[in-house]
Q: 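One structure, as structure tokens, below. Some questions next.
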Amino acid sequence: MSRKNHSQIILFIFTCLLFAPIFSDAQTISSGPVVGGVSENSARFFIRTHTDSVSFILQLDTDSSFSQPIELNGSTSLAHFGSTIMDVSGLSGSTTYYYRVLINGIPDIKDGHFKTFPPRGTKANVKLAWGSCNYFDNHSLFQQIKDFKPDLFIHTGDWAYPPTIWGDYHVLSDSLSTEAFAWRYNIDMMNQYILPFSAIDYIYDDSYTHSGAGLDVVPRYSYQIVNGAVIHELREDTLPAGITQGAIRAYYNNFPGYDLPDTSGGIFHKFSIGNTDIFMVDNRLFRTSEFRAFPYDSIAQKYTFEPSDMHTILGEKQREWLLSELQNSTADWKIVGSGVAFNRKLRNVLEASLNYQDTIVDVLGFYQGTGMTLALSMAYMWAGYPADQDPLIELYQSGQVKNLFMVTGDTHSSALDNGYNSGIPEMNTSGLASEDEGYFNFLFTMLAGILNEPWLRNGEDIWNGGGSGLRNTGFADSFGTTEIFEDDSIKFCIYDEIGQNLGCLTYTKDYVPTNISNSHFSADPTNFLLAYPNPTKDLLIVSLQENIEASILIFDMSGKEIWRKENVVGSIEVDLTQLPSGTYLINCYNKLINESKQFVKN
């Protein structure tokens, strides 16, 4: 061999070694796998690679060592900007499957597992986790969701906020839409704690474009004070043509979800898990602006709330679909998932706020605006759209559809109501990582004096099952859970980032919300003790939620008792200034109750 050839070989080997990491990186997964669209025998996978047109093998096995895997050939494509959605069928029901992706025969480091659903109609035990509005990191909260081991995680909107990076109109571009979805999937909290361990379903809130956007416009409210008078401006900015269909196309192309019944009417869809039907509604893409429900009375010089029959949060096609599907469902349990709060009592808040539309409202600095600001905030939710809300409540309360529940998001708060206030039993669960968790609920307490509405004082006339900011200043991030116990009962709970139970409601079959003591309904017995703020620095408020007398004790995590007070009724303040920073356990007990919760001293 000549010296020249020898030198060329050395140069070739050096070049291969130098660029091997680049070539290797190009052949790896850049986003995903994300598992969705799960049924009793099928699933869908979103996979994106660093470069286009990469061939791979998707392996699934009930054995984590992949001793006898199912193998499916796939490839990402240039047409889908380096991504693909693979459909997998022929799976067994109620079975855990491990998955991994092989590129050039080598397993990618991104793997995971999920569980197929029980066969449709089967009476089964099922665990669901819910949440929305995750903008920041919160390892403690997401670790708890992972530890709950849900059969499915359902995200009800504002999965971060892509417009801040990709632009307000990114859904008009198919390539930017793929980038935005891949970015969602790579957010550390979801990528680390949720997506590798659970299947997922998802609907938009307003994170596809401008905040607050609807069908064709973005409502913009402002006010100014002129010569001592409040002047309101309700303006609607027109969205570019095609943005609604662009948002639908982005979802369809990049989220491995369920079949969409009618993409001309939004991304609403339905799926079944055992003896439960879940209906995910799109309350964003075809909603009319909330401003259109507020005509101005030039004689009284006031805005009034007068929504027309055409004022809709769902759109006609989706409303007809939802009412029909609910009436035709034979499932034991029916859950409607929504991006915004449903509670009908928010209409009372709307109307009370409108009476003070020219009043400047400043609630402890965290909420500033006018009574009109508050009214418009309430009108943004289901309560502002009676043409959609009222028929749904009537369907439930007339007994035509039984065992129906709402799970909603958007408020950056979490709360429960047994239906007595909300119209249909509801769990509002939001603020996965929003940094203003609970403010929405706490606002009601503050508004009682400002709006001269005493019924708002403790928030229980809106949410009667507990939650963040209700009779407490518990402003920690939170998530919701649903546990289905065959056809016996269904349980909804809210937990905060350190595991504190903010409320649980359990319902048996054919529950009707006549009042809080209805025999089919029960509050969770481990909901007597509240300790807030949590985390705290120097002061802890301990509140017993019923008219009971109990002993209160505080332990460190080694089990050593460090504080005690006997015969406590109602609320007390505990001075923590002498305690070192750390996690502690607070316990209340008497002959009937023994309940403990953790709190953090900063």
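If you're wondering where the values come from, they're calculated on a predicted model, not measured in any experiment.
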Q: Mind checking the CG-CE spacing from L128 to M427? Nearest 0.5 Å is all I need.
A: 8.5 Å

Q: Measure across A129 and I145 and return the closest heavy-atom pair with its distance rounded to 0.1 Å.
A: CB-CG2, 4.1 Å

Q: Which heavy atom of F136 sits nearest a heavy atom of A433, and at what distance?
A: O-CB, 3.0 Å

Q: Is there a side-chain contact between L285 and I267 (heavy atoms, below 4.5 Å)?
A: yes

Q: Are H139 and Q192 packed together at the side-chain level, in the sense that at least one heavy-atom pair is separated by less than 4.5 angstrom?
A: yes

Q: Under 30°, 30 to 60°, or over 60°: which ring-plane class applies to Y208 and Y204, parallel, tilted or perpendicular?
A: tilted

Q: For D477 and N138, test the side chains for any donor-to-acceptor distance below 3.5 angstrom and give the result as yes or no.
A: yes

Q: Return the minimal non-hydrogen interatomic distance between K491 and C504, and the atom names on each side.
A: CE-SG, 3.9 Å

Q: Just how far is it from atom CD1 of I562 to atom CD1 of I554, taken to the nearest 0.5 Å?
A: 6.0 Å

Q: Could you pull out the closest heavy-atom pair between D168 and P163, with the gap in Å?
A: OD1-CB, 3.6 Å

Q: Donor-acceptor pair, D538 side chain versus T577 backbone, under 3.5 Å?
A: no

Q: Contact between P425 and Y511 at the side-chain level, heavy atoms closer than 4.5 Å - yes or no?
A: yes

Q: Using the side chain to side chain contact (heavy atoms under 4.5 Å, CB included) rule, take C133 and L432 through it: C-alpha gap first, then chi angles, then the decisive distance, then the call.
A: CA-CA 6 Å; C133 305; L432 283 171; 5.9 Å; no

Q: Let me see the working for T429 and F492 under side chain to side chain contact (heavy atoms under 4.5 Å, CB included), right down to the final yes or no.
A: CA-CA 10 Å; T429 174; F492 295 87; over 6 Å; no

Q: Go through the steps for V361 and T370 under the test side chain to side chain contact (heavy atoms under 4.5 Å, CB included), then give the verdict.
A: CA-CA 5 Å; V361 178; T370 66; 5.8 Å; no

Q: Quick check: do I462 and L346 have side-chain heavy atoms less than 4.5 Å from each other?
A: yes

Q: Whether R287 and D282 form a salt bridge (side-chain N of Lys/Arg under 4.0 Å from carboxylate O of Asp/Glu) is what I want to check.
A: no

Q: Any heavy-atom pair between the side chains of S422 and M406 that's under 4.5 Å?
A: no

Q: Would you name the heavy atoms of T508 and N403 that are closest together and state the gap between them?
A: O-OD1, 4.2 Å

Q: Under 30°, 30 to 60°, or over 60°: which ring-plane class applies to Y507 and F405, parallel, tilted or perpendicular?
A: tilted

Q: Tell me yes or no: between the side chains of R220 and H210, is some donor less than 3.5 Å from an acceptor?
A: yes

Q: How are the rings of H232 and Y303 set to each other: parallel, tilted or perpendicular (split at 30° and 60°)?
A: perpendicular

Q: Quick check for you: to the nearest 0.5 Å, what is the distance between E426 atom CD and N343 atom CG?
A: 5.5 Å

Q: Do you see a donor-acceptor pair shorter than 3.5 Å between the side chains of S289 and E236?
A: yes

Q: Looking only at side-chain N and O atoms, does D205 offer a donor or acceptor that is under 3.5 Å from a partner on S207?
A: no

Q: Can you tell me how far the CZ atom of F291 sits from the CG atom of L376, to the nearest 0.5 Å?
A: 5.0 Å

Q: Between F255 and Y185, what is the ring plane arrangement, given parallel below 30°, perpendicular above 60°, and tilted in between?
A: tilted

Q: Minimum heavy-atom separation for S132 to H155, with atom names?
A: CA-CE1, 3.8 Å

Q: If you count heavy atoms of other groups shown closer than 6.0 angstrom to CD of E233, is the number above 12?
A: yes

Q: Could you check, using the six-membered ring where one of them is a Trp, whether F305 and F294 have ring centers closer than 6.0 angstrom?
A: yes

Q: Say you draw a straight line from OG1 of T209 to CG of D206; how long is it, rounded to the nearest 0.5 Å?
A: 9.0 Å

Q: If we check side-chain contact (heavy atoms from CB on, under 4.5 Å) with I154, which of these qualifies: I335, I278, I203?
A: I278

Q: Would a 4.5 Å heavy-atom cut-off, applied to side chains only, mark R344 and I424 as touching?
A: no

Q: Name the residue from T481, N428, T482, I494 that meets the side-chain contact (heavy atoms from CB on, under 4.5 Å) definition with W130.
A: T482

Q: Mind running side chain to side chain contact (heavy atoms under 4.5 Å, CB included) on L553 and I586 for me, showing each step along the way?
A: CA-CA 6 Å; L553 295 84; I586 186 164; over 6 Å; no

Q: Side chains of D137 and F142: does their closest heavy-atom pair fall under 4.5 Å?
A: no

Q: Can you confirm if the NZ or CZ of R347 lies within 45° of the ring axis of Y385 and under 6.0 Å from the centre of its six-membered ring?
A: no

Q: When rounded to the nearest 0.5 angstrom, what distance separates OG in S478 from CD1 in I498?
A: 12.0 Å

Q: Assess K146 against Y193: is NZ or CZ under 6.0 Å from the centre of the six-membered ring, and within 45 degrees of the ring's axis?
A: no

Q: Taking C-beta and beyond as the side chain, do F342 and M381 meet within less than 4.5 Å on heavy atoms?
A: no

Q: Is it the case that Q143 and D147 place a side-chain donor and acceptor less than 3.5 Å from each other?
A: yes

Q: Can a donor-acceptor pair be found between the side chains of D410 and S430 at a distance below 3.5 Å?
A: no

Q: Of the options Y251, Y202, F153, which is the one that meets W159 in a ring pair (Phe, Tyr, Trp, His ring centres under 6.0 Å)?
A: Y202

